[in-house]
Visitor: 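First the structure, then my questions, so here it is.
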Amino acid sequence: DGGEALPAPQNLSVHSANMKHLLMWSPVVLPRETVYYSVEYQGEYESLYTSHIWIPSKWCSPIEDAECDVSDDITATVPYNLRVRAILGSQTSAWSILEQPFNRNSTILTPPGMEVSRNGFHLVIELEDLGPQFEFLVVYWRRELDTKEHAKVLRRGGIPVHLETMEPGAPYCVKAQAQVKAIGRNSAFSQAECVEVQGEALPL
Amino acid sequence: MKNVLHWNPPENLQGVEVTYTVQYFIYGQKRWLNKPECKNISRTYCDLSDETSDYEHQYYAKVKAIWETNCSKWTETGRFYPFLETQIGPPEIALTTDEKSISIVLTAPDKWKSNPEDCTISMRQIYSNLKYNVSIYNIKSKRMWSQCVTNHTLVLSWLEPKTLYCVQVESFVPGPLRPAQPSQKQCISTLEDPTSALK
Amino acid sequence: EFRFGPCRVEGVALPGLWEAFRTVKDAVQVQDNNTSIRLLRCEVLQNVSDSESCHLVHDLLKFYLNTVFKHYYPKIAESNTQPSFSTLANNFVFIVSKLQSSQAGEMPPDKDRARRRFLLFKRAFKQLEIQAALTKAFGEVDILLTWMGKFYQL
């Protein structure tokens, strides 16, 4: 399955944050040569039912970098085997297989970036667009009075969304967490951000 | 659920009088069925809404061309699944206002019916999880925000008096992607605040 | 999440399954020449109670994994739609694993009713020549997903 002369890539690992999964490995370095790589994957179905079957990665068959974004290949919350080999002209190395299967439920979820603003008396939030798999739990409260928190689930980021109509003379604070239903997990909450509508002045 | 079959005329018959005949088929049943209103027609479309009104079924349609003493082979569609493939139109929007608020009442689109006498079925009866994306534009500040709502009423309060706001709404159903059909923008101005007029 | 009566399954993005099937739908359905037969017909899927739904979806998905997907795979390999097929198959594996772990409090009458519905489907499948049956069953995944979608809560 490929010439042995070409060394196989080593030190495979997956770095996954906010559902972006990056397979990385140590590059195969040959003087004055450009080495390419080919990545393939196998979900739990393939390993259970058709174990000889490996599927070429969407973006990395072949690729020049020593890393591959496999986010579009990992489309279920089951363990995936990943493998990579080096290619030089007609030569191919042996396959190197990721030691432990990767499951997307291990991704690191970070608090979402957010911009809190006011449009007249309206408290408006715009959250970081982290892609279609993300929803957001937004919690807001009026700092002076009771600290009763209100919550809203926003289905996507990247667009301004109306939270509340504010009463003048008291700051309103907002914090948000990212939710990924596809893996049943949430991020930590972001730092709270507060805005205030000044006294009795007419809305702008 | 207005389902219309369209086709292109045969390429090599310009100037020749061509007529068409359409048949349709319900997946899982036995025979192709005729559509009398689309037998020997010269137009290149046929409204099959009534024939495909049971949206839980799947359908095929086919058409053949007839000219002089000849007729073509049938050309057949793929399997058509109205429940998944129909576009969902925007709701009707009713706006009322006072100095600082706008009330929005949304009415889900109705299922298409070719006979006005037929009873009206709301798309909400077909898609219980029908939702709306409401976008609100403050024309003065040029800012926009949106809200996803499930029920059919929405009150925007504490708005700015004497300001033009525009509303645009899109229906959507969680499931397979469908081309979006946003409504026309509807605009209304909040009234003048009487207290400010007295100052 | 899916709520099949007592069985809850979180962790499946249903729109992703739709998109996966959409890319193979036309290629598969055009190979189905027995259009007068529908395997997942009304008697199998209509008016399924919540309590039956967990058993029925479990039986159907297991059949799809063990029989339909497994033996239909060579055709998929030829048509380079493996990624879409893999998305469907691996999500079905995930759902079945979650259903198995949450089938608490099995109610015999519901299980029997669900079983009878599944056997209607299986009998119709067995009456066809194997390749025709595999093609038809795979072509009806949109019917299966539509029915499953009725138990899907956003």
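Quick note on labels: first sequence line is chain A, next is B, and so on, each numbered from 1. Below, all heavy atoms of this structure are taken into account, side chains as well, without hydrogens, waters or symmetry copies.
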Visitor: Considering only heavy atoms, which portion of F92(C) lies under 4.5 Å from any heavy atom of chain A: side chain, backbone, both, or neither?
Guide: neither
Visitor: So what's closer than 4.5 Å to chain A heavy atoms on Y73(C): side chain, backbone, both or neither?
Guide: side chain
Visitor: If we define contacts as heavy-atom pairs under 4.5 Å, which of D73(A), D72(A), T77(A) has the most with chain C?
Guide: T77(A)
Visitor: What's the spacing between L88(C) CG and T23(C) OG1 if we round to 0.5 Å?
Guide: 8.0 Å
Visitor: Looking at chain A, which one of A13(C), P83(C), G16(C) has the largest number of heavy-atom pairs inside 4.5 Å, strictly under?
Guide: P83(C)
Visitor: Looking at F189(A), does the NZ or CZ of K175(A) lie under 6.0 angstrom from its six-membered ring centre and within 45 degrees of the ring axis?
Guide: yes
Visitor: Report which part of P56(A) has an atom under 4.5 Å of a heavy atom belonging to chain C: side chain, backbone, both, or neither.
Guide: side chain
Visitor: By a 4.5 Å heavy-atom criterion (distance strictly below it), what part of L65(C) contacts chain A: side chain, backbone, both, or neither?
Guide: both
Visitor: State whether the number of non-hydrogen atoms from other residues, nucleotides or ligands found under 6.0 Å of E129(C) atom CD is greater than 12.
Guide: yes
Visitor: Begin with the C-alpha distance, continue with both residues' side-chain angles, and end with the deciding distance and a verdict on side-chain contact (heavy atoms from CB on, under 4.5 Å) for L134(C) and F125(C).
Guide: CA-CA 8 Å; L134(C) 292 170; F125(C) 181 91; 3.9 Å; yes
Visitor: Does any heavy atom of chain C fall under 4.5 Å from the side chain of R185(A), the backbone, both, or neither of them?
Guide: neither
Visitor: Is it the case that atom NZ in K152(A) sees more than 12 heavy atoms from other parts of the structure closer than 6.0 Å?
Guide: yes
Visitor: Are F69(C) and F85(C) near enough that their ring centres are under 6.0 Å apart?
Guide: yes
Visitor: Relative to chain C, which segment of I53(A) carries a heavy atom at a distance below 4.5 Å: side chain, backbone, both, or neither?
Guide: side chain
